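Here is the structure we will look at.
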Amino acid sequence: MTATTPALHGVRVLDLATLFAGPLAATMLGDFGAEVVKVEHPAQPDPSRGHGPAKDGVGLWWKLLGRNKRAITLNLSKPGGRATLLRLAATADVIIENFRPGTLEKWDLGWEELSAANPRLVLARVTAFGQFGPYAHRPGFGTLAEAMSGFAAITGEPDASPTLPPFGLADSIAGLATAYAVMTALAARDRTGEGQVVDMAIIEPILTVLGPQPLWYDQLGYVQARTGNRSANNAPRNTYRTADGGWVAVSTSAQSVAERVMRLVGRPDLIDEPWFATGVGRAAHADVLDEAVGAWIAARTRTDVLAAFEKAEAAVAPVQDVRDVMTDPQYQALDTVTAVDDPELGRIRMQNVLFRLSATPGAIRWAGRPHGADTESVLTELGLTPAELSALRTEGAL
């Protein structure tokens with residue numbers, strides 16, 4: 001191994017999951033060197049292959065979610081599929097699955113069978129509601145977590161309906177949390193020599209990132225209301241339209257930044273108001289502060305606003321769509337959106353690995369592979385003979 005060997009080199013992951021939290025966790029592990037084998041049903045591939053826009057019949061979302069994974073097919077409900085998965089499990093460090101609770105057990109592939117095949121295995125079970133409780137067997141998606149957790153209730157304008165995110169927020173948070181949980185379980189295995197089960201409920205990580213709302217309610221009976229782009233904790237904090245029709249976002253979480261903003265927009269008098277001394281006090285006077293900041297910004301172009309805020313060391317950012325993101329100089333400097341050569345689509349651009357490690361960096365080795373593209377090679381490496389592969393195909397297990 002060299003200094004550039006990825007951090008998770010030697011870790012083998014079987015990704016049995018679909019849509020989206022479990023597969024994203026496997027992607028995160030694969031980005032940093034884990035060998036990830038994506039296991040899909042022969043006739044029912046991961047639905048993410050068909051989500052969103054496609055080019056020449058190739059789903060683009062899958063190119064991102066399926067990167068750094070070898071793709072095989074296996075019907076786990078068939079005896080041959082079950083036996084083959086157990087053989088794969090014996091070689092793996094991690095299995096990630098998101099079937100409804102009891103499904104693996106129905107196929108005789110529960111923790112009892114998997115851990116017998118490999119006592120060092122970590123089994124990450126990702127479901128909407130967890131493995132037990134009154135909702136455990138309900139079908140569920142991230143949207144339900146966004147609603148149940150309180151996220152939708154606090155998102156949107158005060159006089160409008162609760163707002164759901166236009167992307168898989170809860171799934172994505174749960175995917176990152178699952179990758180963290182798997183690494184935690186692997187660290188424990190280094191000490192004990194034994195694997196364990198990770199029970200990840202998608203409704204829980206999003207509640208964690210919502211902050212101290214349960215604590216506020218428990219101690220004060222406080223229920224956070226919808227405030228649009230404003231914050232109950234500080235002001236000015238909003239989006240503001242510029243003279244040329246652009247938008248910028250301003251944040252003043254720090255008192256010193258709030259003072260700089262008011263000096264910049266020509267209202268230093270407001271700094272002397274007693275209520276200006278705290279974030280909560282400023283939030284209670286958001287109308288006054290928004291009018292001052294908004295009027296100043298509305299008289300200037302976005303370029304001029306950004307330059308003035310930067311010179312004043314005040315916190316501002318342009319409200320960007322994906323076109324702006326692709327050309328943003330900071331993202332370009334970080335290589336946040338990077339280019340990948342793909343056999344099906346040529347050179348494509350997608351988000352890079354999540355963070356930079358100085359000694360053991362991650363990398364995108366390839367984009368999402370076609371359905372079942374690596375079945376024969378993976379199973380041959382496992383030791384299956386041509387006759388065994390043929391028998392599995394005849395049974396419908398591949």
Side-chain angles (χ1 to χ4, degrees), residues 13-32 34-76 81 95-99 124 126-128 139-146 164-176 178-179 202 321-323 325-326 331 336-354 362-378 398:
V13 179
L14 303 182
D15 174 9
L16 277 56
T18 60
L19 288 179
F20 284 95
L24 179 60
T27 302
M28 298 295 105
L29 299 172
D31 283 352
F32 286 90
E35 179 197 355
V36 180
V37 177
K38 176 73 176 181
V39 181
E40 298 173 87
H41 191 280
Q44 300 167 12
D46 188 327
S48 65
R49 290 182 179 272
H51 265 56
K55 181 181 179 183
D56 300 332
V58 178
L60 298 177
W61 202 331
W62 172 252
K63 287 296 176 185
L64 175 67
L65 192 63
R67 73 189 190 192
N68 293 334
K69 301 179 183 181
R70 301 171 78 188
I72 74 169
T73 59
L74 208 56
N75 186 343
L76 304 183
I95 290 179
I96 301 175
E97 63 97 2
N98 71 334
F99 300 107
V126 185
T127 56
F141 300 97
T143 296
L144 307 190
E146 290 145 11
L164 295 167
F167 65 100
L169 177 63
D171 271 303
S172 299
I173 297 171
L176 296 173
T178 301
I202 295 173
D321 65 19
V322 67
R323 294 168 295 187
V325 169
M326 299 294 268
Y331 281 135
T336 306
V337 179
T338 196
V340 180
D341 289 321
D342 181 67
E344 292 182 285
L345 297 176
R347 199 158 179 79
I348 60 178
R349 289 188 290 171
M350 65 175 69
Q351 297 96 316
N352 208 337
V353 300
L354 193 59
I364 303 172
R365 300 183 298 282
W366 62 82
R369 302 266 290 148
H371 182 226
D374 304 293
T375 301
E376 188 164 328
S377 61
V378 169
L398 295 187

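Any value given below was found using the heavy atoms of this structure, including those in side chains, with hydrogens, waters and symmetry copies removed. Small disclaimer: the values here were computed from a predicted structure and weren't measured.
- Under the 4.5 Å side-chain criterion, counting only non-hydrogen atoms from C-beta, Glu344 is in contact with Lys63.
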Checklist entry - side chain to side chain contact (heavy atoms under 4.5 Å, CB included) between Leu24 and Thr178: does it pass, once the steps are laid out? => result CA-CA 9 Å; Leu24 179 60; Thr178 301; over 6 Å; no
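- Qualifying salt bridge (Lys or Arg N to Asp or Glu O under 4.0 Å) partners for Arg70, counting only residues two or more places apart in sequence or in other chains: Glu35, Glu381.
- With sequence neighbours left out, the side chain to side chain donor-acceptor pair (under 3.5 Å) criterion links Thr338 to Asp335.
- In terms of heavy atoms, Phe99 sits closest to Thr127 at O-CG2, 3.4 Å.
- Side-chain contact between Leu60 and Leu345: present, with at least one pair of heavy atoms (C-beta onward) separated by less than 4.5 Å.
- Summarising the geometry of Pro42 relative to Thr73, their closest heavy-atom pair is CA-CB, 3.9 Å, with the distance given to 0.1 Å.
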Checklist entry - Checking side chain to side chain contact (heavy atoms under 4.5 Å, CB included) for the pair Ile72/Val39: CA distance, chi angles, key distance, verdict? => result CA-CA 5 Å; Ile72 74 169; Val39 181; 4.0 Å; yes
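- At least one donor-acceptor pair under 3.5 Å links the side chain of Asp374 to the backbone N or O of Ala71.
- In this structure a side-chain-to-backbone donor-acceptor pair under 3.5 Å is present from Arg365 to Gly30.
- Applying the side chain to side chain donor-acceptor pair (under 3.5 Å) rule to Asp321 yields the partners Arg323; only residues at least two apart in sequence or on another chain are considered.
- Side-chain contact between Val340 and Ile348: present, with at least one pair of heavy atoms (C-beta onward) separated by less than 4.5 Å.
- Here the closest non-hydrogen pair linking Ala174 and Ala21 is CB-CB, 3.9 Å.
- In this view, Gln351 satisfies the side chain to side chain donor-acceptor pair (under 3.5 Å) rule with no residue, not counting sequence neighbours.
- Sorted by first and then second residue, the side-chain hydrogen bond (donor to acceptor under 3.5 Å, both in side chains) pairs involving residues 22-32 (not counting sequence neighbours) are Thr27-Lys69, Asp31-Arg67, Asp31-Asn68.
- The two residues Leu74 and Gly81 make their nearest non-hydrogen contact at CD2-O, 3.7 Å.
- Looking at Val58 and Asp342, their side chains never come closer than 4.5 Å, going by heavy atoms from C-beta outward.
- Using the six-membered ring where Trp is involved, Trp61 and Phe20 have ring planes that are parallel, under 30° apart on the 30 and 60° scheme.
- In terms of the side-chain contact (heavy atoms from CB on, under 4.5 Å) criterion, residue partners of Ala170 (sequence neighbours excluded) are, by chain and number, Ala145, Glu146, Ile202, Ile206.
- In this structure, the separation between CD1 on Ile96 and NZ on Lys38 is 9.0 Å, given to the nearest 0.5 Å.
- The side-chain heavy atoms of Val37 and Asp15, taken from C-beta on, include no pair separated by under 4.5 Å.
- A donor-acceptor pair under 3.5 Å is formed between the side chain of Trp62 and the backbone N or O of Arg369.
- For Arg349, the side-chain contact (heavy atoms from CB on, under 4.5 Å) test picks out Met326, Val337, Ala339, with sequence neighbours left out.
- In this structure, the side-chain contact (heavy atoms from CB on, under 4.5 Å) partners of His41, at least two apart in sequence or on a different chain, are Ala43, Gln44, Asn75.
- In this structure Thr18 satisfies the side-chain contact (heavy atoms from CB on, under 4.5 Å) test together with Asp46, Pro47, Asn98, sequence neighbours excluded.
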